[in-house]
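This chain uses plain numbering: 1 for the first residue, then up along the sequence. Computation of the quantities below employed the complete heavy-atom set of this structure, encompassing side-chain atoms and omitting hydrogens, waters and symmetry-equivalent molecules.
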Amino acid sequence: MDGKQNDEVRLKAPARAPVPFELRIAPTNGGHVFDVAGPDPASGGTASHRHELSGREQNDYLALFEGISRTFGTRLPRNRQESEPSTFTAPYRVLLDRNIAPEIWYGYGDPAVTRVPAERTGDGDWYYLFATSNDAPNSFPILRSRTLDTWELTGFVFPEGRKPAWAMDGVNVSDYWAPEMHMTEESFLVCFTAREKSGALAIGLARSSSPEGPFESDEAPIIGGGVIDPHLFVGRDGRSFLFWKEDSNDVWPSLLSAFLHDHPDRTGTLFPCPRTSGRPRSRSRSGPG
């Protein structure tokens, strides 16, 4: 970083970087403006690109990098590249595409469907669907269907006021993700992700004698320290295995960025740039890319 004045940031590519960029970032009323200078691949002179970043979503940054690619011939983001339409087809059916109750705030992310036979329900076969609820007051909707076509809400794993004692609770505070219900000989288990009072993501377990609850959470999580997306697998020999994912999505980009800063000559090896992917359309562009 060369300097910072009045919230303006100026950056310069490290030595041996594939493209010797110079970058200026300055705040605007609606976001930030990026002024990029670097070699013109067509003339060998200097080219410039200005981009006004008005948002912070993925598509906003994709537009920024697409504009840089078009101007300087760098690697075009993959989902901005032209590609041949896939010839692969597979049958599918829409199970649920509408909100059936106002208590369900966030739709049906991370859905998990479990078939419960008549001998366990006492009321015929039912399919039960559980889904992510994020910070909604009622956590993990429980929906059921006979046919997978028509669904009804029967309750929540953790209704308002009955969250696990070890977990955070509140709008813009809690995260309740990726529930799955599993049958055992004695009970029904729901494994799920929630935040501990420390803010770290953890995996918990709740139990009930009925697939519709009420569910009681264990007093402590099964495993903590930033883990998500649990899945229980029961083998033919009766042994149970818990699978999960470390929530490290926000860790590796900074490590990769630091590595490439220290070893800029490795950039081309890790991110090859086909000659046609970043072919410049113009030498100077403005706007959203």
S.K.: Could you measure the distance from the OG atom of S217 to the NZ atom of K163? Nearest 0.5 Å is fine.
M.R.: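 Here the rounded value is 11.5 Å.
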S.K.: For a 4.5 angstrom cut-off between non-hydrogen side-chain atoms, does W177 reach N134?
M.R.: yes
S.K.: Would you say the side-chain atoms of S145 pair up with the backbone N or O of T150, donor to acceptor, closer than 3.5 Å?
M.R.: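 Looks like yes, one N/O pair under 3.5 Å.
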S.K.: For residues F156 and L96: do they belong to one hydrophobic cluster (side chain heavy atoms under 4.5 Å, members Ile, Leu, Val, Met, Phe, Trp, Tyr)?
M.R.: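 Yes.
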S.K.: Does any part of the side chain of N59, heavy atoms only, come nearer than 4.5 Å to the side chain of R80, both counted from C-beta?
M.R.: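 Side-chain contact under 4.5 Å: yes.
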S.K.: So do S83 and R78 actually touch side chain to side chain, heavy atoms under 4.5 Å?
M.R.: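 R78 vs S83: side chains apart.
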S.K.: For F72 and P39, which heavy atoms make the closest approach, and how far apart are they?
M.R.: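 So the two residues come closest at CD2-O, 3.5 Å.
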S.K.: Quick one: pull up CE in M168 and CG in L201 and give me the separation to the nearest 0.5 Å.
M.R.: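 The distance works out to 10.0 Å.
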S.K.: Restricting to non-hydrogen atoms, name the atom on Y128 and the atom on E212 that form the minimum distance, rounded to 0.1 Å.
M.R.: OH-OE2, 2.7 Å
S.K.: Check the pair F158 / D169 against side chain to side chain contact (heavy atoms under 4.5 Å, CB included), numbers first and verdict last.
M.R.: CA-CA 11 Å; F158 301 126; D169 185 23; over 6 Å; no
S.K.: Assigning hydrophobic clusters by single linkage (Ile, Leu, Val, Met, Phe, Trp, Tyr; side-chain heavy-atom cutoff under 4.5 Å), is L76 placed with L62?
M.R.: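 No: no chain of side-chain contacts under 4.5 Å links L76 to L62.
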S.K.: First locate atom OG1 of T267, then atom CG of D265, and finally report the distance between them rounded to the nearest 0.5 Å.
M.R.: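 Reported to 0.5 Å precision, the distance equals 7.5 Å.
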S.K.: What heavy-atom pair brings V33 and E52 nearest, and what distance separates the two atoms?
M.R.: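 Closest approach of V33 to E52, heavy atoms only: CG2-CG, 4.1 Å.
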S.K.: Taking the side chain as every heavy atom from C-beta outward, state whether M181 and P211 have any pair of such atoms under 4.5 Å apart.
M.R.: yes
S.K.: Please answer: with hydrophobic residues joined when any side-chain heavy atoms are less than 4.5 Å apart, are Y61 and V19 in the same cluster?
M.R.: yes
S.K.: May I have the step-by-step check of salt bridge (charged side-chain N to carboxylate O under 4.0 Å, His left out) for R146 and D123, ending in yes or no?
M.R.: CA-CA 11 Å; R146 297 282 194 193; D123 184 30; 3.5 Å; yes
S.K.: Can you name the nearest heavy-atom pair linking S208 to G213, along with the distance?
M.R.: OG-CA, 3.3 Å
S.K.: Checking the side chain of D218 only, and the main-chain atoms of A220 only, is there a donor and an acceptor separated by less than 3.5 Å?
M.R.: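 Not confirmed, D218 side chain does not pair with A220 backbone.
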S.K.: Using a 3.5 Å distance criterion without hydrogens, assess whether the side chain of S174 forms a donor-acceptor pair with backbone atoms of G170.
M.R.: yes
S.K.: Sequence neighbours left out, what passes salt bridge (charged side-chain N to carboxylate O under 4.0 Å, His left out) with R195? Give chain and number order.
M.R.: D175
S.K.: Do the non-hydrogen side-chain atoms of L95 and Y127 ever get within less than 4.5 Å of each other?
M.R.: no
S.K.: Could you check D60 against L64 for side chain to side chain contact (heavy atoms under 4.5 Å, CB included), going step by step and ending with a plain yes or no?
M.R.: CA-CA 7 Å; D60 298 312; L64 166 65; over 6 Å; no
S.K.: Would you check if F21 and T74 make a side-chain contact, meaning some heavy-atom pair closer than 4.5 Å?
M.R.: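 The answer is yes; the side chains approach within 4.5 Å.
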S.K.: Out of curiosity, L189 CG to H182 NE2, how far, rounded to the nearest 0.5 Å?
M.R.: 8.0 Å
S.K.: Show your reasoning for whether salt bridge (charged side-chain N to carboxylate O under 4.0 Å, His left out) applies to E22 and R10.
M.R.: CA-CA 7 Å; E22 292 187 10; R10 293 180 179 270; over 6 Å; no
S.K.: Are Y106 and D135 packed together at the side-chain level, in the sense that at least one heavy-atom pair is separated by less than 4.5 angstrom?
M.R.: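 Touching, per the 4.5 Å side-chain cut-off.
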S.K.: Let me confirm one number: the CD1-CG distance from I25 to L11, rounded to the nearest 0.5 Å.
M.R.: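 Those atoms lie 5.5 Å apart.
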S.K.: Take atom NE2 of H261 as the centre, draw a 6.0 Å sphere, and report whether it contains more than 12 heavy atoms from other residues, nucleotides or ligands.
M.R.: no
S.K.: Give me each pair satisfying salt bridge (charged side-chain N to carboxylate O under 4.0 Å, His left out) with a member in residues 236-246, each pair once, sequence neighbours excluded.
M.R.: D237-R239
S.K.: Give me the ring orientation class for F243 and F233: parallel if the planes are under 30° apart, tilted from 30 to 60°, perpendicular past 60°.
M.R.: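 Because their plane-to-plane angle is over 60°, the rings of F243 and F233 count as perpendicular.
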S.K.: Does K12 use its side chain to pair, donor to acceptor, with the backbone of P20 at less than 3.5 Å?
M.R.: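 Looks like no, no N/O pair under 3.5 Å.
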S.K.: Going by side-chain contact (heavy atoms from CB on, under 4.5 Å), P179 matches just one of I142, L129, V157, V190. Which one?
M.R.: V190
S.K.: Tell me whether R115 forms a cation-pi arrangement with W126, defined as NZ or CZ under 6.0 Å from the six-membered ring centre and within 45 degrees of its axis.
M.R.: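 No, R115 does not sit over the ring of W126.
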S.K.: For F215 and F188, which heavy atoms make the closest approach, and how far apart are they?
M.R.: CE2-O, 3.8 Å
S.K.: So, applying side-chain contact (heavy atoms from CB on, under 4.5 Å) with V227, which one of L242, D247, I203 is it?
M.R.: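 Only one of L242, D247, I203 forms a side-chain contact (heavy atoms from CB on, under 4.5 Å) with V227, namely I203.
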S.K.: Quick one: does any side-chain atom of S254 pair with a main-chain N or O of V251 as donor and acceptor, under 3.5 Å?
M.R.: yes
S.K.: Does I104 share a hydrophobic cluster with W151, counting links as ILVMFWY side-chain heavy atoms below 4.5 Å and allowing steps through other members?
M.R.: yes
S.K.: Does E219, at its CD atom, have more than 12 non-hydrogen atoms belonging to other residues, nucleotides or ligands within less than 6.0 Å?
M.R.: no
S.K.: Roughly how far apart are E84 CD and S86 OG, rounded to 0.5 Å?
M.R.: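 Taking CD in E84 and OG in S86, the distance rounds to 11.0 Å.
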S.K.: Considering all heavy atoms of both residues, which atom of P77 and which atom of F65 are nearest to each other, and what is their separation?
M.R.: CG-CB, 3.9 Å
S.K.: Between the side chains of D229 and W244, is a donor N or O closer than 3.5 angstrom to an acceptor N or O?
M.R.: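 No donor-acceptor contact under 3.5 Å links the two side chains.
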S.K.: Answer yes if the ring centres of F192 and F130 are under 6.0 angstrom apart, and no otherwise.
M.R.: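 No, the ring of F192 stays outside the 6.0 Å limit from the ring of F130, centre to centre.
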S.K.: Do the non-hydrogen side-chain atoms of V36 and H51 ever get within less than 4.5 Å of each other?
M.R.: no
S.K.: Would you say L153 and Y108 are hydrophobically clustered, going by side-chain heavy atoms of ILVMFWY under 4.5 Å?
M.R.: yes
